[in-house]
Number of protein chains: 2
Amino acid sequence: MLDRALSLDELLCFALYSANNAMGRLYRPILAQHGLTYPQYLVLVALWQRDGQKVNDLGAALTLESNTLTPLLKRMEAAELVQRRRNPEDERSVIVSLTAKGRGLQQEAAGISRCILAAAGDDVADLIDLRSKIQQLATRLNASD
Amino acid sequence: MLDRALSLDELLCFALYSANNAMGRLYRPILAQHGLTYPQYLVLVALWQRDGQKVNDLGAALTLESNTLTPLLKRMEAAELVQRRRNPEDERSVIVSLTAKGRGLQQEAAGISRCILAAAGDDVADLIDLRSKIQQLATRLNASD
DNA sequence: TGCGATTTAATCGTGTGCGATTTATTTTCA
DNA sequence: TGAAAATAAATCGCACACGATTAAATCGCA
């Protein structure tokens with residue numbers, strides 16, 4: 001089979017990389033107003049949904065491991081957004097819980113995703129469909145190891 | 001308007017973040033065999049397409065700036081993948097060119113994207129459509145600043 | 001012509017992601 | 001029971017991304 005010269009525009013991986021970077025650039029200044037980074041915001045979303053998760057639970061939700069999460073959570077603890085304490089029932093694990101401040105940000109942050117959606121496009125149904133297709137892609141990619 | 005509790009699964013940004021991380025995890029071990037990282041691979045793709053680009057040209061292609069590209073290109077230069085030299089016609093700019101080694105990797109790397117596509121899905125037409133929609137999203141996001 | 005504005009890379013600091021390893025705790029099963 | 005296996009987090013090193021700033025070269029225009 002003849003291989004044409006590869007172009008950036010043809011790479012699905014580059015489309016993802018580029019769109020994700022663009023999303024980050026959009027979120028960064030908004031989140032910075034609340035003293036948050038992008039993955040820190042995602043941790044908060046996960047905890048707003050269910051407070052008091054183990055590091056591994058958060059890792060499963062975000063597809064990250066302790067080598068990424070531990071320092072990130074320590075910074076969030078230093079910023080008084082979360083509390084980290086050993087699980088009394090199994091001292092190997094660490095429970096991450098929201099502080100009042102971390103919980104309080106939920107109200108402040110409520111408008112953020114709306115603001116991002118507005119930048120992403122005007123047809124909400126299209127965006128939901130795209131999100132679903134990207135989720136399926138991520139699932140397939142994660143299954144290939 | 002009533003705000004429901006936000007869930008990770010509902011966030012387009014998280015779908016992108018997660019899929020991009022998954023793609024990176026898939027590429028990393030393959031690219032590592034060639035001594036490459038993911039963004040380094042993207043720089044090579046851009047140079048295979050057109051050799052001898054200025055740092056700014058690469059930045060425009062990848063949507064990155066010199067604060068990211070300069071150290072990355074220096075590592076690629078140290079790995080003898082590219083050559084960096086000041087543009088004689090305008091000493092402000094730097095021309096990045098492929099070395100023989102960098103050019104040679106094009107053949108070796110030819111199978112990579114096929115290998116990734118296989119992990120991404122079996123319906124090529126679907127993947128091309130998804131890529132196109134993600135590209136459009138990136139374009140819209142980049143336009144909102 | 002010359003000097004301020006612009007353009008282009010480079011530099012610096014912070015915060016991820018992740019491979020590889022380590023440490024502490026719990027589980028398993030001989 | 002008790003030592004090996006398994007599990008959970010932490011640690012370490014490297015390579016991005018990017019905001020902010022700096023330095024050098026070129027441009028523009030009075």
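Throughout, protein chains are lettered first and strands after them, A, B, ... in sequence-line order, and every chain is numbered starting at 1. Values below: all heavy atoms of this structure, side chains included; hydrogens, waters and symmetry mates excluded.
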Item checked: Nearest-neighbour nucleotide for the Pro39(B) side chain, dT6(C), dA17(D), dC18(D) considered -> dA17(D)

Note to self: I'd like to know if the side chain of Arg92(A) pairs up with that of Asn87(A) as donor and acceptor (distance under 3.5 Å, no hydrogens or angles considered).
What the structure shows: no

Next item on the list: Kindly point out which of dA25(D), dG17(C), dA9(D) is positioned nearest to the side chain of Ser93(A)?
Entry: dA9(D)

Margin query: On DNA chain D, does the nearest nucleotide to Gly24(A) precede the nearest nucleotide to Val94(A) from the 5' side, or the other way round? Give the residue.
Written below: Val94(A)

Margin query: Can you tell me how the ring of Tyr41(B) sits relative to the ring of Tyr27(B), calling it parallel under 30°, perpendicular over 60° and tilted otherwise?
Written below: tilted

Note to self: Given dG17(C), dC16(D), dC18(C), identify the nucleotide with an atom nearest to the side chain of Arg75(B).
What the structure shows: dC16(D)

Check: Should Asn56(B) be listed as having a side-chain N or O under 4.0 Å from OP1 or OP2 of dA9(C)?
Finding: yes

Item checked: 5'-to-3' dot-bracket of DNA chain D (Watson-Crick, G-U; under 3.5 angstrom; crossing pairs as [ ]; | other strand) -> ||||||||||||||||||||||||||||||

Check: Which part of the nucleic acid, if any, lies within contact of Asp90(A), taking any heavy atom under 4.0 Å across all strands shown: a base, the sugar-phosphate backbone alone, or nothing?
Finding: sugar-phosphate

Item checked: Leu58(A) CG - dA8(D) P separation (whole Å) -> 14 Å

Notebook entry, point to check: Under 4.0 Å between a Lys/Arg side-chain N and an Asp/Glu carboxylate O for Asp51(A) and Arg103(A)?
Noted result: yes

Notebook entry, point to check: Taking for each residue the nucleotide of DNA chain C with the nearest heavy atom, is it Ser66(A) or Val55(B) whose nucleotide lies nearer the 5' end?
Noted result: Val55(B)

Notebook entry, point to check: Starting at the 5' end of DNA chain D, which residue's closest nucleotide do you reach first, Arg84(A) or Arg28(A)?
Noted result: Arg84(A)

Item checked: Touch class at under 4.0 angstrom, heavy-atom based, for Leu69(A) against every strand present -> nothing

Next item on the list: Check the side chains of Gln136(A) and Ser132(A) for a donor-acceptor pair under 3.5 angstrom, ignoring hydrogens and angles.
Entry: yes

Margin query: When you measure from the side-chain N and O atoms of Arg25(A) to the phosphate of dC18(D), is any distance below 4.0 Å, counting only OP1 and OP2?
Written below: yes

Next item on the list: Check the distance between dA17(D)'s C1' and Leu42(B)'s CG and give it to me in whole angstrom.
Entry: 13 Å

Check: If you measure only the distance, is there a donor-acceptor pair under 3.5 Å linking the side chains of Arg50(A) and Gln53(A)?
Finding: yes

Item checked: Beyond-backbone contact of Leu127(B) with Asp122(B), side-chain heavy atoms, under 4.5 angstrom -> no

Next item on the list: Check the distance between dT7(D)'s P and Asn87(A)'s CG and give it to me in whole angstrom.
Entry: 17 Å

Margin query: What contact category does Thr68(B) fall into here, base, sugar-phosphate, or nothing, at under 4.0 angstrom with non-hydrogen atoms?
Written below: base

Item checked: Whole angstrom value for the distance that separates C1' of dA17(D) from CG of Leu72(B) -> 10 Å

Checklist line | Rounded interatomic separation in angstrom, taking OH from Tyr38(B) and P from dC18(C) | finding: 11 Å

Margin query: So if I take every side-chain heavy atom of Thr37(A) and compare against dA24(D), dA10(C), dT16(C), which nucleotide ends up nearest?
Written below: dT16(C)

Check: Glu91(B) has a side chain; which of dA10(D), dT26(D), dA9(C) sits nearest to it?
Finding: dT26(D)

Notebook entry, point to check: Does Glu77(B) come within less than 4.0 Å of Arg84(B), counting only side-chain N to carboxylate O?
Noted result: yes

Notebook entry, point to check: In whole angstroms, how far is the P atom of dA6(D) from the CZ atom of Arg92(A)?
Noted result: 13 Å

Next item on the list: Would you kindly say whether Ser97(A) and Arg85(A) are connected by a side-chain donor-acceptor distance under 3.5 Å?
Entry: yes

Margin query: By the 4.0 Å heavy-atom rule, please label Glu65(B) as base, sugar-phosphate, or nothing.
Written below: nothing

